[in-house]
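Data first, discussion second: the structure below is written as structure tokens.
Everything quoted here is computed from the prediction, not taken from an experiment. Chain identifiers are assigned alphabetically (A, B, ...) following the order of the sequence lines, protein sequences preceding nucleic acid strands; residue numbering begins at 1 within each chain.
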Amino acid sequence: MDELNDQRLQRLEKLETLKSHGVSPYGLRFDVTHTIVEIHTLHNTKKKEELDTNHISCTIAGRIVALRRFGKAAFATLQDGGDRLQVYLKQDLIGVELYGISKEFDLGDWIGVEGRLFRTKTDELTVEVQRYTFLAKGLRPLPEKWHGLTDIETRYRQRYVDLIANPDIHQVFRSRSQIITHIRTFLNERGFLEVETPMMQPIPGGAAARPFMTHHNTLDIDLYLRIAPELYLKRLIVGGLRRVFEINRNFRNEGISTIHNPEFTMLEFYQAYADYHDLMQLTEKLFSSLANTVCGTTNIDYQGQTINLASPWRRLPYLDAIVEINQVDPNILTNLDIAIEVAHSLKVHVEPEKGLISVLTQLFEATVEPTLIQPTFITDFPIEISPLARRKDTNPALTDRFELFVGGRELANGFSELNDPIDQRERFEGQVAQRAAGDDEAHYLDEDFIRALEYGMPPTAGEGIGIDRLVMLLTNQPSIRDVILFPQLRPEKSS
RNA sequence: GGGCCGUUAGCUCAGCUGGUAGAGCAGCUGACUCUUAAUCAGCGGGCCGUAGGUUCGACUCCUACACGGCCCA
């Protein structure tokens, strides 16, 4: 428990004062006629004279976030859903008794008011209060009115205070909801079926990542929180669902950073009879329609950079990108020694003992990714790092796969799915060997998934899009914690 | 895991080469019936992140730890 500071004690006393006057500090249901934003939308354009001749009554509710008293009159600012409206209390209008009780108002209290709309001398739209009622007494002081709450730790730990003190952030989370709604509509219109697949999986599959583990007592089995829904969604394609998608949480037991939260939201969708080229086009359409809906333009600003999401986007093969962007000897792609040498000259930390592909991957992450500011599809990933993707017909060492980068970050990953069960088994066995060699991010062998493929999966393309990073991009937020309401932190107290 | 930075009143922040802890907002008392960072007069409020150490004396210097941020691996 928090210490009882003087301001809390004073508010607890006010609570008793209210009760002694027969006023309940915590109200029951309250019928509002308008939200505050509705008042603004309906009446913002109405002039002073119009409001004086046509009485407009309303009943609204909100939290007191500013209070200015003048003896026998007072102005209060109510905040509701991030929007604000001024109300005016006058002793002459509401009577000595009710006005007297309003002296117990504190910043942070919820009240409901009934009254008439008018404009003040300074032309501010205001409710002239005829009646008011306490809805909830606030016992803790609010952050300062001018600077708001800036302490990042408190903002994340006590998001409710952040939402009170910094109403601007409401828009970020409204945009987040709008984005997800738009995606659902976009996919529904194209015949995709929304499904839900297990969050608790006996074999965590579909990605290279460390899982969280839990235990089911009755079955007495260990289960993993999913790192991806991929293998389950493809089982549904086998079953004939044809077009499916899922928007839900994935869990990865890894580091936390401005672009990583242990639980994060992923969209995955699968389309039978399609290939990765189809998905690239679909992704361009989805992103530009999202940008138009959320930002009103496809030319968006992200942290000082202008990003143009209008299609078409650049497509660049993975290996070419490493050579082209670094302007280096193409022989790095086939010769480990040259690759190591180049990595050293570029001051990129690599682990040569893990082989050529690992060195190239590290080179790619360090030197290519940060340069991909404008939307770019990197294509044709090596087979070693794509164990679920279809081989290229033209080059069996590469896959029909792409990753989308925007603002220097990976936002999406898609490919033509591997639907050959024999090849899939070999790929899994390669992963199992890597796991045995100490790679704890390598994929597990999922026998039931192979069995499903043996029933036959039509040619299919599938893609995953990181929703949190997408929201960061479209709302211009620098950290994933700014688009997740309750980001993961260490507990406040050790006890 | 490593480096750097931060942690002082409810909030936002000062606090010098070590010498009794400061402001603004918020709060309390009083005045004020159109204010909007209201104004005016007065008053309270501190485990200076935690634990050690150095010192006559530590918010200040040192060490460890906790929590957070940024960067790197």
Rounding to an integer number of angstrom, what distance separates [N] and [M] when you compare their [atom1] atoms?
N       : M       : atom1 : value
rC32(B) : rG19(B) : C1'   : 45 Å
rG42(B) : rU54(B) : P     : 47 Å
rU39(B) : rG52(B) : P     : 45 Å
rU17(B) : rC13(B) : C1'   : 23 Å
rA51(B) : rA58(B) : P     : 15 Å
rC16(B) : rG53(B) : C1'   : 24 Å
rA64(B) : rG27(B) : P     : 43 Å
rA31(B) : rC61(B) : P     : 48 Å

If you check every side-chain atom of [X], which of [options] has the closest atom?
X         : options                   : result
Thr126(A) : rC25(B), rU35(B), rC70(B) : rU35(B)
Lys14(A)  : rG27(B), rG69(B), rG10(B) : rG27(B)
Arg157(A) : rG69(B), rU33(B), rC67(B) : rC67(B)
Tyr88(A)  : rU33(B), rC28(B), rA37(B) : rU33(B)
Arg481(A) : rU12(B), rC70(B), rU33(B) : rC70(B)
Pro143(A) : rC11(B), rA26(B), rU35(B) : rC11(B)
Arg490(A) : rU33(B), rG68(B), rC34(B) : rG68(B)

Legend entry - Result of checking Glu429(A), Arg435(A), Gln434(A), Arg427(A) against Gln431(A) for side-chain contact (heavy atoms from CB on, under 4.5 Å):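 Exactly one pass, corresponding to Gln434(A).
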
Could you tell me how far apart [X] ([atom1]) and [N] ([atom2]) are, to the nearest whole angstrom?
X         : N       : atom1 : atom2 : value
Leu12(A)  : rC28(B) : CG    : P     : 13 Å
Leu107(A) : rU12(B) : CG    : P     : 16 Å
His147(A) : rA23(B) : NE2   : P     : 17 Å
Ile64(A)  : rU35(B) : CD1   : C1'   : 15 Å
Glu153(A) : rG10(B) : CD    : P     : 16 Å
Ile259(A) : rC70(B) : CD1   : P     : 12 Å
Phe105(A) : rG27(B) : CZ    : P     : 14 Å
Leu149(A) : rG69(B) : CG    : P     : 14 Å

Are more than 12 heavy atoms from other residues, nucleotides or ligands located less than 6.0 Å from atom [atom1] of [X]?
X         : atom1 : result
Lys14(A)  : NZ    : yes
Arg174(A) : CZ    : yes
His170(A) : NE2   : yes
Met200(A) : CE    : no
Glu353(A) : CD    : yes

Scan nucleotides 71-73 of chain B against the protein and return all N/O pairs shorter than 3.5 Å with their distances rounded to 0.1 Å.
unit_1  : atom_1 : unit_2    : atom_2 : d
rA73(B) : O3'    : His349(A) : NE2    : 3.3

Legend entry - Side-chain donor/acceptor contact of Gln86(A) with base of rU35(B) under 3.5 Å: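 Indeed there is one.
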
Inset, instruction - Answer with yes or no whether Thr150(A) presents, from its side chain, a donor or acceptor under 3.5 Å of a partner atom in the base of rU12(B). - result: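 Side chain to base: no pair below 3.5 Å.
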
Between [X] and [Y], is there a side-chain N and carboxylate O pair less than 4.0 Å apart?
X         : Y         : value
Arg401(A) : Glu403(A) : yes
Arg210(A) : Glu441(A) : yes
Lys19(A)  : Glu16(A)  : yes

Legend entry - Donor-acceptor under 3.5 Å (Asp83(A) side chain, Ile36(A) main chain):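 Flag not set: sc Asp83(A) to bb Ile36(A) has no pair under 3.5 Å.
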
Legend entry - Closest non-hydrogen atom pair, Leu309(A) against Trp313(A):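 What the structure gives for the nearest pair is O-NE1, 2.9 Å.
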
Inset, instruction - Work out which heavy atom in Ala339(A) is nearest to a heavy atom in Val359(A); give both atom names and the distance. - result: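 Nearest heavy atoms, Ala339(A) then Val359(A): CB-CG1, 4.0 Å.
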
Inset, instruction - Would you mind telling me which residue lines up with the more 5' stretch of RNA chain B, Ile152(A) or Lys48(A), judged by nearest nucleotide? - result: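 By nearest-heavy-atom nucleotide position, the 5'-most residue is Lys48(A).
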
Legend entry - Residue whose nearest RNA chain B nucleotide is more 5′ - Asp151(A) or Phe118(A):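 Counting from the 5' end, the first nearest nucleotide belongs to Asp151(A).
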
Inset, instruction - From the options Arg252(A), Arg226(A), Arg249(A), select the one residue that forms a salt bridge (charged side-chain N to carboxylate O under 4.0 Å, His left out) with Glu263(A). - result: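 Single pass found, and it is Arg249(A).
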
Pairwise N/O distances under 3.5 Å, protein to nucleotides 38-44 of chain B:
unit_1  : atom_1 : unit_2    : atom_2 : d
rA38(B) : OP1    : Lys145(A) : NZ     : 2.3
rA38(B) : OP2    : Arg68(A)  : NH1    : 3.4
rA38(B) : N6     : Arg69(A)  : O      : 3.0
rG44(B) : N2     : Asp6(A)   : OD2    : 2.7

Legend entry - RNA chain B base-pair string [pairs: Watson-Crick or G-U under 3.5 Å; |: paired with another strand]: (((((((..((((.....[..)))).(((((.......))))).....(((((..]....)))))))))))).

Inset, instruction - Taking the six-membered ring for Trp and the full ring for Phe, Tyr or His, determine whether the centres of Tyr132(A) and Phe105(A) are under 6.0 Å apart. - result: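 Tyr132(A) vs Phe105(A): aromatic centres under 6.0 Å.
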
